[in-house]
Amino acid sequence: MVTLGVLTSISLIFSYIESLFPVFIPVPGIKLGLANIVVLLTLLLFGVAEAFAVGIVRILLSALLFGNLISLFMAFSGFLASFCFMVILKKSGKFSVPGISVGGGVLHNFGQLLAAFIYIGNRGLFSLSLYFTIFGILTGLITGFLCKMIYERVDRNDWLSKG
Amino acid sequence: MKKNDIILIVFLLLTGALISFINWRDNRPGSIEENKAIIYVDSKPYMEIDLSVSKDYDIETEFGCNSIRVENGKLFISDADCSGKDCTKMGKICNKGEFICCIPHRLYICIEGNDSFVDTVTY
């Protein structure tokens, strides 16, 4: 429980850092998704329920601290889509950590695109899906490899899994 | 990276490309510059803008305010009263099918072509 709290605050800090430096990637609407490292790490180390809790608490807190109702709605739909897909990919056991992360990254963007479509109601938005897929794959690869590196290191110290 | 990961990436790319293509086909972006932009608010047509006149427009709705500027036949959002201002970073649009959207204000600006079924007419 303590570890989960620490993980949630780490992911909260990650999303704060990202909101401070949108210049990481000079393309509108694209973020690295550093917070997803923590969610994926929790999914690997603990399990589905724990990772879901970390993600949901992170989204609620960051919306309360830095966002509004719309950013909450967008973040939530992106998270829900990416989380479901990452769970499926992980349970299948056929994919490595970066692979799961790529799936999560792309589905996050699709979830947000769908939410934006519900909000704006114009199908032209979906012509952006290739653009979002490509960036989802790129950011998913970056965060996936970072997550893999962290996972390999913490796995050896078993203090984390005792939680 | 396993082989499965590559398959997943290719599959996702193809899916994204397919969805893009289906929607792009209905809303075909062309290289022909059009001079009519339509603003939708909450998916209802709100106003039409003539791109041949350089002018500033303020779109004030119940959802928020965006300042739209038309310059040299190109349209862009110069300012918005939201926190993210992503719409101001969406660039300038002038070709058919290009669009700018502002999610928090439910605003969607699209360049629409004239209702003609021919691409060009030569004499």
Side-chain angles (χ1 to χ4, degrees), chain A residues 19 22-23 26-31 66-71 73-74 85 88-89 92-107 109-110 112-138 140-141 144-145 148, chain B residues 1-29 38-46 63-64 76-77 82-91 93 96-112:
Chain A
S19 70
V23 282
V27 183
I30 300 290
K31 286 197 302 179
F66 333 109
N68 48 42
L69 209 61
I70 293 151
S71 64
F73 174 61
M74 296 293 289
F85 197 54
I88 294 168
L89 290 182
S92 77
K94 290 194 178 95
F95 301 95
S96 66
V97 179
I100 299 171
S101 178
V102 165
V106 173
L107 263 281
N109 290 347
F110 269 112
Q112 291 206 328
L113 202 55
L114 203 63
F117 169 68
I118 292 168
Y119 225 73
I120 288 191
N122 201 309
R123 270 183 53 198
L125 283 180
F126 284 110
S127 53
L128 285 179
S129 64
L130 181 63
Y131 163 89
F132 277 124
T133 311
I134 292 168
F135 279 100
I137 290 170
L138 289 178
L141 277 177
F145 278 110
K148 188 168 171 256
Chain B
M1 292 290 278
K2 290 191 217 165
K3 198 179 138 210
N4 282 328
D5 297 335
I6 310 289
I7 295 170
L8 177 73
I9 289 175
V10 172
F11 173 74
L12 287 171
L13 261 181
L14 287 178
T15 315
L18 186 70
I19 297 172
S20 260
F21 178 71
I22 290 169
N23 290 284
W24 171 80
R25 206 184 46 184
D26 292 351
N27 194 10
R28 190 173 299 177
I38 298 185
I39 298 179
Y40 296 89
V41 175
D42 202 13
S43 70
K44 287 181 276 290
Y46 179 81
F63 306 110
F76 63 98
I77 298 185
C82 60
S83 56
K85 296 195 197 300
D86 278 330
C87 55
T88 61
K89 297 171 199 145
M90 283 194 75
I93 55 172
K96 186 186 172 193
E98 289 180 330
F99 64 89
I100 293 177
C101 62
C102 169
I103 293 162
H105 299 163
R106 304 197 184 190
L107 188 79
Y108 181 89
I109 307 165
C110 181
I111 310 284
E112 308 234 333

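Residue numbers begin at 1 in each chain, while the letters A, B, ... track the order of the sequences.
Contact of A:Phe85 with chain B is made through the side chain alone, with heavy-atom distances under 4.5 Å. Heavy-atom distances place no part of B:Ile7 under 4.5 Å from chain A, backbone and side chain included. There is no contact between A:Leu69 and chain B, counting heavy-atom distances below 4.5 Å. Contacts between A:Phe73 and chain B at a heavy-atom distance below 4.5 Å are absent for every atom of the residue.
Remark: side-chain polar atoms of B:Asp5 are not paired, donor with acceptor, to backbone N or O of A:Pro98 under 3.5 angstrom.
In terms of heavy atoms, A:Val106 sits closest to A:Thr133 at CG2-O, 3.8 Å.
With sequence neighbours excluded, the residues that form a side-chain hydrogen bond (donor to acceptor under 3.5 Å, both in side chains) with B:Asp42 are B:Arg106. Evaluation of the side-chain hydrogen bond (donor to acceptor under 3.5 Å, both in side chains) rule for A:Ser129 yields B:Ser20 as partners, not counting sequence neighbours.
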